[in-house]
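Computed over heavy atoms, backbone and side chain alike; hydrogens, waters and symmetry mates excluded. Count residues from 1 along the sequence.
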Amino acid sequence: MVLTPRLRSHIADPLAMDIEAPNELHPIGLPRKRQRSATYEAPPDAPPHELPELPKLSGETMLEVFTHRSLRLACHAQYRDNERLSVLGHHTLEMITTQLLFLREPKLKRSDIETQRQALLSVEIIDTWAKFYRLRDELRCDSSFQPTLQEPEQGRLLFLAYLGAAFTEHGHTNVSKWISALLRLSANVFKDNKKISLGPADFEEQSGKRFKPEE
């Protein structure tokens, strides 16, 4: 399988990944009333300058991430599509976001953690992350799937697959830096998020430490 030039640019360097997260803590908000769809302030094909670098992956993993299940079914193969990775990415994203909200001061109630996590991880927001990184440009799928490729849910699943792959190759700490930076960046991108504040700015360092029970 031949990789496109853009796909090759995301293949991992043998050295460990090092992702810079924003230093400042930006508030991210929640609508007072019923949650609305997130509103993006600029065209989705114009990512912010502060967009954190996409983690690099090995060539074989990249092919798995960008193979849609429709292509696997058309080829009568068993695995080697991105479905399994998207499941891993879903739970990884929820875990990191929950931990970020858990470390907030003042402390949040259980119900507030769940409500704010849901607001932060809407389909529209995650789909916009996929657009920022132009992940759809590399997706391989059966021609019958093309009409549904631009649906927000498809962008969400593709981003989660990439996240799942990054987690398997780089581990929790490095992936936490990436996702933390994206969540904080959303404060400047989505108009509906104005009143949710996240955990401490040094979350990336704290995420690698064990929690100590309060006395």
Side-chain angles (χ1 to χ4, degrees), residues 12 16-23 25-30 35 38 51-58 61 64-65 81-130 132-133 135 152-187 189-190 193 195-214:
M17 178 181 66
D18 185 17
I19 299 177
E20 294 284 335
N23 293 326
L25 178 61
H26 299 292
I28 295 183
L30 179 67
Q35 182 181 348
L51 186 68
E53 182 181 356
L54 191 66
K56 295 184 182 296
L57 302 174
S58 65
T61 301
E64 188 170 349
V65 167
D81 61 33
N82 60 21
E83 274 195 320
R84 297 172 69 249
L85 287 172
S86 66
V87 174
L88 178 60
H90 168 78
H91 291 288
T92 301
L93 183 58
E94 288 217 333
M95 173 188 65
I96 294 172
T97 308
T98 301
Q99 187 177 7
L100 197 60
L101 292 168
F102 179 85
L103 293 172
R104 242 204 62 175
E105 292 292 345
K107 300 184 185 301
L108 295 173
K109 296 186 295 184
R110 178 189 62 82
S111 59
D112 292 333
I113 291 176
E114 294 177 345
T115 299
Q116 295 187 19
R117 183 184 62 209
Q118 182 179 4
L120 288 167
L121 302 182
S122 69
V123 173
E124 291 82 4
I125 289 178
I126 301 176
D127 176 52
T128 301
W129 293 347
F132 283 165
Y133 292 113
L135 298 183
E153 176 64 11
Q154 298 302 326
R156 185 187 77 91
L157 291 173
L158 182 54
F159 179 87
L160 293 177
Y162 201 105
L163 171 57
F167 180 80
T168 61
E169 294 203 349
H170 298 291
H172 177 268
T173 300
N174 282 324
V175 169
S176 293
K177 294 179 182 180
W178 175 39
I179 295 303
S180 173
L182 277 175
L183 289 170
R184 297 176 193 283
L185 180 62
S186 295
V189 174
F190 295 98
N193 288 338
K195 295 183 180 177
I196 297 178
S197 59
L198 296 174
D202 61 346
F203 162 75
E204 293 79 13
E205 286 72 26
Q206 293 198 29
S207 63
K209 300 178 181 179
R210 294 189 177 184
F211 293 114
K212 295 182 180 180
E214 295 182 356

Any chance you could lay out the side-chain contact (heavy atoms from CB on, under 4.5 Å) test for Leu88 and Leu160, step after step, and finish with the verdict? CA-CA 8 Å; Leu88 178 60; Leu160 293 177; over 6 Å; no
Show the numbers, then the answer: is there a side-chain contact (heavy atoms from CB on, under 4.5 Å) between Leu100 and Arg184? CA-CA 10 Å; Leu100 197 60; Arg184 297 176 193 283; 3.6 Å; yes
Test side-chain contact (heavy atoms from CB on, under 4.5 Å) on Lys107 and Glu105 and set out the steps. CA-CA 5 Å; Lys107 300 184 185 301; Glu105 292 292 345; 3.3 Å; yes
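Annotation for Ile96 and Val175: closest pair CD1-CG1, 3.7 Å, computed over non-hydrogen atoms. Across every non-hydrogen atom of Phe159 and Leu135, the tightest pair is CA-CD1, 3.8 Å.
Note that CZ of Phe167 is 8.5 Å distant from CG of Leu163, once rounded to the nearest 0.5 Å. Note that CZ of Phe132 is 10.5 Å distant from CG of Asp127, once rounded to the nearest 0.5 Å. A distance of 15.5 Å separates CZ of Arg104 from CD of Gln99, quoted to the nearest 0.5 Å. To the nearest 0.5 angstrom, Ile179 atom CD1 is 12.5 Å from Glu94 atom CD. With rounding to the nearest 0.5 Å, the separation of NE2 in His172 from OG1 in Thr92 is 8.5 Å. Separation of atoms OG1 (Thr128) and CG (Leu185) is listed at 11.0 Å; rounding is to 0.5 Å.
Considering only heavy atoms from C-beta on, Lys109 comes within 4.5 Å of Asp112 through its side chain. In this structure the side chain of Ile125 never reaches within 4.5 angstrom of the side chain of Leu120, judged on heavy atoms. When side chains are defined from C-beta on, His90 counts as touching Arg156, because their heavy atoms get closer than 4.5 Å. Side chains of Leu121 and Leu183 form a contact here, defined as non-hydrogen atoms less than 4.5 Å apart. Leu157 is not listed as a side-chain neighbour of Asn82, based on a closest heavy-atom distance of 4.5 Å or more.
If you check the side chains of Thr61 and Ser58, you find a donor sitting under 3.5 Å from an acceptor. One side chain, Arg117 or Thr98, offers a donor N or O that lies under 3.5 Å from an acceptor on the other.
Under the 30°/60° scheme for interplanar angles, the aromatic rings of Tyr162 and Trp178 are found to stand perpendicular.
The main-chain N or O of Glu83 is found under 3.5 Å from a side-chain atom of Ser86 such that the two form a donor-acceptor pair. Checked by atom type and distance alone, the side chain of Ser186 pairs as donor or acceptor with a backbone atom of Leu182 at under 3.5 Å. Judged by distance alone, with hydrogens and angles left aside, the side-chain atoms of Ser180 form no donor-acceptor pair with the main-chain N or O of Lys177 at under 3.5 Å. Remark: side-chain polar atoms of His170 are paired, donor with acceptor, to backbone N or O of Lys56 under 3.5 angstrom.
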